[in-house]
Amino acid sequence: MGEAVRLLEVVATGPLASVQDLGRPGRGDLGVGRSGAADRGALRLANRLLANPETAAALEVTLGGLAVRAHGDLLVALSGAPCPATVTDASGRARGIGHHAVERLPDGATLRLGVPGSGLRTYLAVRGGLEVPEVLGSRATDIMAGLGPELPRPGTLLPVGPPPDRFPGVDLAPVAEPGEDAPVLGVLPGPRDDWFGADALRVLCSAPYEVTADSNRVGMRLRGPVLERVRGEELPPEGMVPGALQVPPSGQPTLFLADHPVTGGYPVIAVVCSRDVDRAAQVRPGQRIRFRLGAR
Amino acid sequence: MSPRFRRCGDRAVLVELGGAAEVLALYDTLSADPPPGVTDILPAARTLLVRFEPPAHRGTVEAAVLNARPSRGRSAGTGEVTVPVVYDGADLADVAALTGLSEREVVTAHTGTPWTVAFSGFAPGFAYLIGGHPRLRVPRRSESRVRVPAGAVALAAGFSAVYPRESPGGWRLIGRTELTVWDVHADPPALLRPGMRVRFAEARDG
């Protein structure tokens, strides 16, 4: 491949595409959230397929619709929500490419993603990683805090880093698709379950919640059984984590995702287990989720 | 008060303490020598959130909290900052009316006591300052402003703050400062960090 400049040119973004890595931990005390990929496991897998460090930056694509053109020969891998993917080379020949697979994107070729059949967020990683400038040690875009690179638009050129010394070890990773009708997410009670009625945790786990359209990288607003508070006073602000189920006075919980606020002022009845937060991030608005007490 | 542990998922422990002074003391000690695996130590009004990754687990974090001895000579967040303020905020008259003070007395009260950064939140570099004159306790505005300029100096719910960047905001604006309190290219990027002392001083416009 030589030392030629290698870039990914954004041709179309779909509803939302952003550059993400594993985020910027360690600065919560300055009001800076971790951010990073909403489905961290999927980002890690795409990077591992290409023998990138797991921390390399890639594109997080919401509900497909992305199109990118290669400047220089590139190796790419898709993970997360599986969508139809087509590579059209410079001479106009088109072929479908696989999911969770190492694929070539030759100089001048265009990769187009359709709409995923299930799941919400697809990751497109490039061997060498996307080398947009770091902000506070990360290339992640924090939508809420307004940190990190600007959202890509048609015409945006994303620099690709030098390929790592190691070579990809496998061509394909078998992974179950995020296709369940109403995925069950494990939750652990607390930190403020005692602010709710004795029955509230059972209510939380009794019936599914619908993910409303009012959902993004900050969090998912849910609609379902109402969680009744027994304490009416104001909760002083306290630190929040991804997966926190924060309950405003309406009694309808919000499930926090990657760009959640660093501190919050509504009580958190329970927290989704860390391994299930990635699965939560793949649930689409209109879909339903269920909660179950305890880690899976 | 001895710390009370509240479970916060499988990757964090929320430590409940007696108040801001205890929170800052524990924040100081833990951040001076974070236990292995601890990724974030996040002070708030009455709690300290400790986030961790394996190999750390709840037990090691709780033990580290229980074994923490207040550090002599505060390490993290030490220092004092003077913030020059032009007191011409859009809500200064409202604050005077709400507190029963004159506008001049509001300024005197705001500059008259040293404040302490208790914690950050809301936005990068947004520091919640405590320790001001008790008369300055005013509620948030009933409606949030769509656009509060960077450098706006504000009051709400017993706290004071300097808006680090232009953002929406519901606090009551009493003045503005030219001081840059947030710069992503600086290290650390936030001028006001937990534990720091802050003095407001009246500045002349221009």
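Keep in mind that what you see is a predicted model, and the values were worked out from it rather than measured. Each chain gets a letter, A, B and so on, in the order the sequences are listed, and its residues count up from 1.
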Subject >> Residues B:W171, B:Y128; criterion ring pair (Phe, Tyr, Trp, His ring centres under 6.0 Å); working and verdict >> reply: CA-CA 12 Å; B:W171 291 32; B:Y128 288 74; 5.6 Å; yes
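Chosen from A:V32, A:V277, A:L30, the residue pairing most often with chain B at heavy-atom distances under 4.5 Å is A:L30. Ranking A:D29, A:L136, A:V262 against chain B, the residue ahead of the rest is A:D29, based on heavy-atom pairs under 4.5 Å. Note on A:P242, A:G239, A:G190, A:P191: by heavy-atom pairs under 4.5 Å with chain B, the leading option is A:P191. Between chain A and the residues B:L49, B:V184, B:D40, the most heavy-atom pairs under 4.5 angstrom are made by B:D40. For chain B, the option among A:M144, A:M240, A:E238 with the highest count of heavy-atom pairs below 4.5 Å is A:E238. For the set B:A45, B:A157, B:P124, the entry with the most heavy-atom pairs within less than 4.5 Å of chain A is B:P124.
Interface residue A:V135: only side-chain heavy atoms are found under 4.5 Å from chain B. At a 4.5 Å heavy-atom cutoff, the contact between B:F122 and chain A is made by backbone atoms alone. Only the backbone of B:A123 comes within contact range of chain A, with at least one heavy atom under 4.5 Å from a heavy atom of that chain. For chain A, the nearby part of B:T47 is the side chain; its heavy atoms alone come within less than 4.5 Å. Interface remark: B:R7 contributes backbone and side-chain atoms alike to the contact with chain A (heavy atom separation under 4.5 Å). In this structure, chain A has a heavy atom under 4.5 Å from the backbone of B:I41, while its side chain stays farther away. Interface residue A:P237: backbone and side-chain heavy atoms are both found under 4.5 Å from chain B.
The pair B:R11-B:E53 counts as a salt bridge, with a side-chain nitrogen and a carboxylate oxygen less than 4.0 angstrom apart. For the pair A:D142 and A:R34, the salt-bridge criterion is not met [side-chain N within less than 4.0 Å of a carboxylate O]. In summary, B:R46 and B:E16 do not engage in a salt bridge, as defined by a charged side-chain N under 4.0 Å from a carboxylate O. Taking 4.0 Å as the cut-off between side-chain N and carboxylate O, B:D91 and B:R145 count as a salt-bridged pair.
A ring-ring contact (aromatic ring centres under 6.0 Å, His included) with B:F119 holds for exactly one of B:Y27, B:F159, B:F126; it is B:F159.
A:Y123 and A:E60 are linked by a side-chain donor-acceptor pair at a separation below 3.5 angstrom, with hydrogens and angles left out of the test. With hydrogens and angles left out, the side-chain atoms of A:D39 and A:Q282 include a donor and acceptor closer than 3.5 Å. Side-chain contact, A:R217 with A:Q20: a donor N or O sits under 3.5 Å from an acceptor N or O.
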